[in-house]
Amino acid sequence: MMVNKKLLMLLGMAMALMIVLAACGGNNEPAEEPTEATDDATEGGEAASPAEGGSVILGTSGEPVTFNDLYSQDTASSDVIELIHASLLESDEELEMIPGIADLPEISEDGLEYTYTLKEGVLFHDGEELTAEDVKFTYDIFKNADYTGPRAGDFTELESVEVVDEYTVKFILNEVDASFITRSGYGILPKHILEDVPVADLEDHMEYNRENPIGAGPFEFVEYQDGQYIELVAFDDYYEGRPNLDKVTFRIFADTNAELLAFETGEIDWMILPPNEIATAETYDHGRVSSVLALRYDYIGWNNDRAPFDDERVRQALTMAIDRQLIVDEIMDGRGEVAHAPASPLSWAFPDNVPEFDYDPEGALELLAEAGWEPGADGILEKDGEKFSFEILSNDGNVIRRDIGVIVQQMLAEIGVEANPRQMEWGAFLDQINPPNYDFDAVVLAWALALDPDPTAIWHSREIEAGLNNISYRNDRVDELAAGNKQIVDQDERAAVIGEIYEILAEEQPYTYLYYPEQHILLNNRVEGFTHHPRVNMYKVNEWYVTE
């Protein structure tokens, strides 16, 4: 292995720093299984009734950007959105679609009409009833030419939305979309509040999006203090019944080290736990750890519109120079699997076989030489008088991404590539890397994947201008396959088409796919009713309750 003693020493120093800051360490101890809401029982063996009242404080190191689901692109925002808003359908912990404010849709024989029947008496937080008009209003925004959010591409097959009656709404497609039912999870917006706001202005309408979001979810928005906390209270008239908890507070920390210290001292009740802190967390008498394989993958994204990352050979070489198994072992404490494609093992479309670029620094140097890169006088690779030097961006507060930046810097230095890691505040980071700016060389990020494996939103070239394809990846064959995959109803046939896309993406390495991670939640023993969802952090918080 080509990683030198200096790198391992650096890793040791990083871990030591984490121990000092958070009084913790880590090893390969197994995690507890998720606690299910149905497990609670009294000493006599009868099911315990959830206690009503009380509050929980949740730790987060991400600063939300918006509380409007149609524009959210980050989990810090979506975690709060999940509690404020209600959607037509939801997904259970088995990743199956289940009723939300509507029953599962009736689908026409030709697959072009989806008819949803809403529950009656669903109220927004201001007391107005949610009806089919609100559903039409919400989904018409995606089709509006002035929509500035990232998800217009998800609705290219949607022709129109029709109100059948007060509680019935029909979606009419212009062609079959095998993924359409999974588009039913967006929070429904209140027409009576937002109908006079031009769609072109809606993304920046902070009077609603940040200052006073009104939804029909289990908790009402109360207050957001930037950099400090977001406070929500139980919605008494929530359609599934009033939540057990009176209040939920998101407390914002500088990083996960600070979160863990706050958990240790009893200041917070819940946090997403870095894997290398599990051993320490399991020593806490007042806490427990829940772990599941997350529906996501972590990656380094290369700006394909910016030299030298516009050269496929360079991207392949960078992947070959990064020991991803070492990253999993040392940074993830072995709790993950090296990734080779932009998919999740939880998906029915997960590929059986794709090109793999294993750790091979010598092979990386050969590819770089083929691409015209040769060592300069100082050992840094050069081409046409330009040094191979670039910046790796990630977001403040994420210790794992910070450490990945450091270890990748050392690994690439071994082959004469100068990589400079830098972290930024979350909102500024998203603004810099997303449209219209795209101002970055490389980013360390992760995708919390959609329930349907349609790769269009991230990989089709039409999504470069205003969608999620912020690395500006272009491939005509991928465009062709992606554009037609949703019209294939047979799942095996569709999986084969998506698999071909994955093969191309694995070969061309627009990302370096790092790993498929487990997610670990640390929660206080006083919190009951928790169910661990592989994708939704704030899953069924209305069922949580506290025992003291």
Side-chain angles (χ1 to χ4, degrees), residues 7 10 73-74 296-324 326-328 331 338-342 357 359 361 364-365 367-368 371 373 380-383 386-426 428-447 458-459 463-464 468-475 505-515 517:
L7 169 57
L10 185 65
Q73 300 184 59
D74 63 289
R296 74 178 238 176
Y297 64 88
D298 290 55
Y299 66 91
I300 300 174
W302 312 109
N303 190 335
N304 286 215
D305 257 0
R306 184 174 290 186
F309 311 111
D310 54 351
D311 188 327
E312 174 183 321
R313 295 167 298 181
V314 170
R315 300 192 301 266
Q316 292 169 342
L318 291 170
T319 295
M320 293 165 66
I322 297 171
D323 189 345
R324 290 171 291 165
L326 183 65
I327 289 174
V328 169
I331 294 180
V338 170
H340 297 286
F357 293 88
Y359 180 56
L365 283 169
L367 268 180
L368 290 170
W373 292 92
I380 303 297
L381 297 182
E382 294 182 357
K383 179 181 179 181
E386 295 290 329
K387 290 184 181 294
F388 199 148
S389 179
F390 67 94
E391 185 174 72
I392 305 178
L393 286 181
S394 63
N395 56 293
D396 275 346
N398 192 305
V399 175
I400 294 294
R401 291 176 189 164
R402 180 200 68 192
D403 291 348
I404 288 172
V406 171
I407 197 171
V408 167
Q409 177 185 44
Q410 295 298 313
M411 289 173 177
L412 295 184
E414 296 280 358
I415 62 165
V417 173
E418 186 176 69
N420 302 300
R422 180 164 73 94
Q423 290 199 299
M424 298 178 62
E425 184 274 326
W426 182 240
F429 168 72
L430 292 176
D431 184 62
Q432 183 161 327
I433 69 171
N434 285 328
N437 295 322
Y438 299 126
D439 184 14
F440 67 94
D441 298 320
V443 292
V444 185
L445 266 175
W447 280 119
I458 298 175
W459 298 110
E463 301 298 327
I464 294 173
L468 301 177
N469 185 356
N470 68 335
I471 62 161
S472 303
Y473 173 74
R474 298 173 178 85
N475 182 290
L505 294 171
E507 176 67 29
E508 296 193 348
Q509 292 289 297
Y511 292 170
T512 289
Y513 314 105
L514 292 174
Y515 50 79

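None of these values were measured; they are calculated from a predicted model.
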Original post:
If we only count heavy atoms from C-beta on, is the Glu425 to Asp396 side-chain gap below 4.5 Å?
Top reply: yes

**OP:** Report the C-alpha separation of Ile322 and Ile300 in whole Å, then their side-chain angles, then the decisive distance to 0.1 Å, and conclude whether the side chain to side chain contact (heavy atoms under 4.5 Å, CB included) test is met.
**Re:** CA-CA 11 Å; Ile322 297 171; Ile300 300 174; 4.0 Å; yes

**OP:** Output the distance between atom OH (Tyr299) and atom OG1 (Thr512), rounded to the nearest 0.5 Å.
**Re:** 12.0 Å

**OP:** Output yes when a side-chain donor or acceptor of Lys383 lies under 3.5 Å from a complementary backbone atom of Leu368, and no otherwise.
**Re:** no

Original post:
How close do Ala419 and Gln409 get, heavy atom to heavy atom, and via which atoms?
Top reply: O-CG, 2.9 Å

Subject >> Glu386 atom CD, over 12 foreign heavy atoms within 6.0 Å >> reply: no

Original post:
Taking Asn395 as the fixed residue, which of Gln423, Arg401, Arg402 is the one that meets the side-chain contact (heavy atoms from CB on, under 4.5 Å) rule?
Top reply: Arg401

Original post:
Measuring from Ser394:OG to Asp403:CG, what's the distance to the nearest 0.5 Å?
Top reply: 9.5 Å

Original post:
Between Tyr473 and Ile458, is any pair of side-chain heavy atoms under 4.5 Å apart?
Top reply: no

Subject >> CA sep, side-chain torsions, deciding dist, call: Phe440, Asn470, side chain to side chain contact (heavy atoms under 4.5 Å, CB included) >> reply: CA-CA 10 Å; Phe440 67 94; Asn470 68 335; 4.2 Å; yes

Original post:
Going through the checks in order, is the side chain to side chain contact (heavy atoms under 4.5 Å, CB included) test met by Asp74 and Phe429?
Top reply: CA-CA 11 Å; Asp74 63 289; Phe429 168 72; over 6 Å; no

**OP:** Determine yes or no for a side-chain-to-main-chain donor-acceptor pair under 3.5 angstrom, with Arg324 supplying the side chain and Leu514 the backbone.
**Re:** no

Original post:
Between Leu326 and Met411, is a side chain to side chain contact (heavy atoms under 4.5 Å, CB included) present by the stated rule, with each step listed?
Top reply: CA-CA 11 Å; Leu326 183 65; Met411 289 173 177; 3.6 Å; yes

**OP:** Decide yes or no for Tyr359 and Val338: does some side-chain heavy atom of the first lie under 4.5 Å from some side-chain heavy atom of the second?
**Re:** no

**OP:** Find out whether Asp441 and Arg306 are in side-chain contact, i.e. whether some heavy atom of one side chain is under 4.5 Å from a heavy atom of the other.
**Re:** yes

**OP:** Give, for atom NZ of Lys387 and atom CD of Glu418, the distance between the pair rounded to the nearest 0.5 Å.
**Re:** 7.5 Å

**OP:** Answer yes or no: is there a donor N or O on one side and an acceptor on the other, between the side chain of Asp311 and the main chain of Arg313, under 3.5 Å?
**Re:** yes

Subject >> Minimum heavy-atom distance between Ile433 and Leu393, given as atom pair plus value >> reply: CG2-CD1, 4.2 Å

Original post:
Taking all atoms of both residues into account, what is the closest heavy-atom pair of Ala317 and Ala364, and its distance?
Top reply: O-CB, 3.3 Å

Original post:
Hey, does Val408 have a side-chain heavy atom less than 4.5 Å from the side chain of Pro421?
Top reply: no

Subject >> Phe388 and Leu318, any side-chain heavy atoms less than 4.5 Å apart >> reply: yes

Subject >> Nearest heavy atoms of Trp373 and Pro308, plus distance in Å >> reply: CZ2-CB, 3.5 Å

Original post:
How long is the gap from CD1 on Ile415 to CG on Leu412, to the nearest 0.5 Å?
Top reply: 5.5 Å

**OP:** Report yes or no: does Gln316 contribute a side-chain atom to a donor-acceptor pair with the main-chain N or O of Glu507 at less than 3.5 Å?
**Re:** yes

Original post:
Gln432 side chain to Asp439 main-chain N or O, any donor-acceptor pair under 3.5 Å?
Top reply: yes

**OP:** Let me see the working for Arg474 and Asn304 under side chain to side chain donor-acceptor pair (under 3.5 Å), right down to the final yes or no.
**Re:** CA-CA 8 Å; Arg474 298 173 178 85; Asn304 286 215; over 6 Å; no

Subject >> Approximate separation, where rounding is to 0.5 Å, of Tyr515 OH and His340 NE2 >> reply: 14.5 Å

Original post:
Just how far is it from atom CD of Gln410 to atom CG of Asp323, taken to the nearest 0.5 Å?
Top reply: 13.5 Å

Original post:
Do the side chains of Leu468 and Trp447 get nearer than 4.5 Å, heavy atoms only?
Top reply: yes

Original post:
Taking the side chain as C-beta and beyond, is there a heavy-atom pair between Gln73 and Leu430 under 4.5 Å?
Top reply: no

**OP:** Quick one: sort the Tyr511 and Tyr297 rings into parallel, tilted or perpendicular, breaks at 30° and 60°.
**Re:** tilted

